[in-house]
Amino acid sequence: MTIRLYDTSARQIRDFIPLTPGCVSIYLCGATVQAAPHIGHIRSGLNFDILRRWFAYRGYDVTFVRNVTDIDDKIITKSAEQGRPWWAIGYANERAFNSGYDVLGCLPATYEPRATGHVTEMVEMMRGLIERGHAYEADGNVYFDVRSFPGYLELSNQDLDDLRQPSGEGETGKRDPRDFAMWKAAKPGEPSWETPWGRGRPGWHLECSAMAHKYLGTAFDIHGGGLDLVFPHHENEIAQAKAYGDEFARYWLHNAWVTMSGEKMSKSLGNSVLVSEMTKRWRPIVLRYYLGTPHYRSMIEYSEEALREAESAFARVEGFVQRVVEKAGGVVEPAAEVPPAFAEAMDDDLGVPQALAVLHTTVRQGNSALAADDKEGAVERLAEVRAMLGVLGLDPLDPHWAGEADRGEDLHGVVDTLVRLVLQQRESARARKDWATADAIRDQLGQSGLAIEDGPDGPRWSLGAR
């Protein structure tokens, strides 16, 4: 099967054909580190982590580059407001982003370059664009001349005559208000670097064109990011890179937002939900399930109820895994291949919701095997389930998630002892045919967040929905 992906630039799903057979190169716009990440920020990292895992499963050698924007207007503004060095703010928040990626099980990037570490490459690109007539210097700023590039706005499908280009303070000397800044002249007290056009600092867009060129060459396979980056950021990246002479990205993938009350989750709206706070209230593996299992091009409307539903759904999967491991008397290794229906869904524009349906069907089949005391059938289903969970980064037996189990091990023993005492009371009530008392005990345990299952070996409990 061929992997097929929705290409924003083509506005259709296309067969993925790599530049180099057996290899895939991906550039993802990463964090702008003016603040700690909320779950909307991390969603992009999760979506592309699953894409990366699927390419690896399909046998590709993946090079994954995710940049860090550690200097921009917002960071400088925060520095002035807080009276802290810009680099201290950037570094602290970069660590918070990396912690967020890690706690939710994202694989580390192959390369994770910072903007401030690549000023030399930016200067070289600006010099080439000026020489080719696509850029010009004015008042210490360097601007890209959008009318010099015929393909401008093809990604976002806009009309140049209707364009309103966002501009920042101090962007003086433009020949056309739609031209965008690649380099900004230094202002008193701001960080700056020396260039042939005077001291200044990078514009937002130049860094990605320069870093993609450095780490992935003149052409690469996939450029990704959030839907909000299509314009102006990705449109301006394309203009710079292609005017410089690069073929640049061959496929453009964009993930949708996490919304609250229909609005994009953002700090400016005051509706952000920080990853560091969310992981105190929800298990990280549950949070990954919640953010990673909707289709990457679908909006996620945040709600506590939706998170509880995700927790309950994952508990059913996790409970099955635990029961079969106990039945088998040891760890069951993942199958070499995922079920064909799962693979077909993933090949079709990373159809995680359809793939998840296959996963849950397999879990139900496995539970039926357990109920029939079919150990071999249950083990076979678990091997398939683990293979699918591994692709999604959700295998509870993976060493990454072992810490979650370790933290709860002592408490689990205490709860197990207490619950078994209550279950003994329930069994006594059932033995004397006091069904009302037995049902009341079961209901009370359910209200406490415990799920009770009656099986051939007696009742057992597991964590259910909150």
Mind checking whether Tyr152 and Phe144 have parallel, tilted or perpendicular rings, split at 30° and 60°? tilted

Report the distance from atom CZ of Phe64 to atom CD of Glu112, rounding to the nearest 0.5 Å. 8.5 Å

Check: Phe97 ring centre within less than 6.0 Å of His41 ring centre: yes

Any side-chain donor near an acceptor of the partner, Thr32 and Asp72, under 3.5 Å: no

Student check: side-chain heavy atoms of Leu227 and Met299 closer than 4.5 Å: yes

Trace of the side-chain hydrogen bond (donor to acceptor under 3.5 Å, both in side chains) decision for His118 with Tyr215: CA-CA 11 Å; His118 296 80; Tyr215 291 96; 2.7 Å; yes

Rounded to the nearest 0.5 Å, how far apart are CG of Asn236 and NE2 of His205? 4.0 Å

For the residue pair Asn67 / Tyr111, report whether a side-chain donor-acceptor contact shorter than 3.5 Å exists. no

Kindly indicate, with the supporting measurements, whether the criterion salt bridge (charged side-chain N to carboxylate O under 4.0 Å, His left out) is fulfilled by Arg316 and Glu311. CA-CA 9 Å; Arg316 291 193 292 272; Glu311 182 182 51; over 6 Å; no

Is it the case that the side chain of Arg288 and the backbone of Leu104 share a donor-acceptor pair, with hydrogens and angles ignored and the cut-off at 3.5 Å? yes

Under 3.5 Å: donor-acceptor pair, side chain of Asn93, backbone of Ala36: yes

Treating Thr279 as the side-chain partner and Val275 as the backbone partner, does any N or O pair qualify as donor plus acceptor under 3.5 Å? yes

May I ask you to check whether Asp70 and Tyr91 show a side-chain donor-acceptor distance below 3.5 Å? no

Sidechain-backbone polar pair: Asp395 side chain, Gly390 backbone, donor-acceptor under 3.5 Å: no

Do we see a donor-acceptor contact under 3.5 Å between the side chains of Ser9 and Glu154? no

For Trp204, which residues count as a ring pair (Phe, Tyr, Trp, His ring centres under 6.0 Å) partner, sequence neighbours excluded? His233

Show the numbers, then the answer: is there a side-chain contact (heavy atoms from CB on, under 4.5 Å) between His213 and Glu121? CA-CA 9 Å; His213 177 92; Glu121 289 82 0; over 6 Å; no

Is the Trp54 ring parallel, tilted or perpendicular to the Tyr57 ring (thresholds 30°, 60°)? parallel

Do you know which of Thr293, Thr361, Val317 makes side-chain contact (heavy atoms from CB on, under 4.5 Å) with Leu356? Thr293

CD (Glu305) with more than 12 external heavy atoms under 6.0 Å: no

Supply the atom-to-atom distance Asp439 CG to Arg442 CZ, rounded to the nearest 0.5 angstrom. 8.0 Å

Set of residues satisfying ring pair (Phe, Tyr, Trp, His ring centres under 6.0 Å) with respect to His254, sequence neighbours excluded: His234

Dump the intermediate steps for side-chain contact (heavy atoms from CB on, under 4.5 Å) on Asn157 and Leu153, then the final yes or no. CA-CA 6 Å; Asn157 197 29; Leu153 300 181; over 6 Å; no

Side-chain heavy atoms of Arg297 within contact of Asn255, under 4.5 Å: no

Checking Glu301 against Thr259: is there a side-chain donor and acceptor pair closer than 3.5 Å? yes

Does Trp257 offer a backbone N or O that forms a donor-acceptor pair with the side chain of Lys264 under 3.5 Å? no

Checking side-chain contact (heavy atoms from CB on, under 4.5 Å) for the pair Thr63/Leu216: CA distance, chi angles, key distance, verdict? CA-CA 8 Å; Thr63 300; Leu216 298 176; 3.8 Å; yes

Should the pair Trp183 and Trp193 be assigned to parallel (<30°), tilted (30 to 60°) or perpendicular (>60°) ring geometry? perpendicular

Value rounded to 0.5 Å, distance of CE in Met260 from NE2 in His38: 10.0 Å

Donor-acceptor pair, side chain of Asn141 and main chain of Ala185, under 3.5 angstrom: yes

Would you confirm whether the ring centroid of Tyr6 sits within less than 6.0 angstrom of the ring centroid of Tyr251? no

Does the side chain of Glu237 come under 3.5 Å of the side chain of Ser209 through a donor N or O and an acceptor N or O? no

Is any side-chain heavy atom of Leu5 closer than 4.5 Å to a side-chain heavy atom of Leu51? yes

Let me see the working for Asp221 and Tyr27 under side-chain hydrogen bond (donor to acceptor under 3.5 Å, both in side chains), right down to the final yes or no. CA-CA 8 Å; Asp221 291 307; Tyr27 185 96; over 6 Å; no

Please round to the nearest 0.5 Å and tell me the distance separating atom CG of Leu397 and atom CD of Glu318. 8.5 Å

Stepwise side-chain hydrogen bond (donor to acceptor under 3.5 Å, both in side chains) check, Asp49 with Tyr101: CA-CA 10 Å; Asp49 182 66; Tyr101 292 134; over 6 Å; no

Sub-3.5 Å donor-acceptor pair from the side chain of Arg11 to the main-chain atoms of Leu155, do we have one? yes

Here the gap from Ile13 atom CD1 to Asp7 atom CG, rounded to the nearest 0.5 Å, amounts to 10.5 Å

Side chains of Ser156 and Gln158: any donor to acceptor distance under 3.5 Å? yes

Cation-aromatic face contact Arg250/Phe220, 6.0 Å, 45 degrees: no

Quick one: does His295's side chain have a donor or acceptor within less than 3.5 Å of a partner on Asp349's backbone? yes

Full working for side-chain contact (heavy atoms from CB on, under 4.5 Å) between Leu350 and Phe48: CA-CA 10 Å; Leu350 213 65; Phe48 283 90; over 6 Å; no

Answer yes or no: does atom CZ of Arg114 have more than 12 heavy-atom neighbours from other residues, nucleotides or ligands under 6.0 Å? no

Mind checking what makes side-chain hydrogen bond (donor to acceptor under 3.5 Å, both in side chains) contact with Lys187, not counting sequence neighbours? none

Examine the side chains of Arg323 and Asn367 and answer whether a donor and an acceptor come within less than 3.5 Å of each other. yes

Is there a donor-acceptor contact under 3.5 Å from the side chain of His400 to the main chain of Asp102? yes

Could you tell me whether the side chain of Arg84 and the main chain of Ser79 form a donor-acceptor pair under 3.5 Å? no

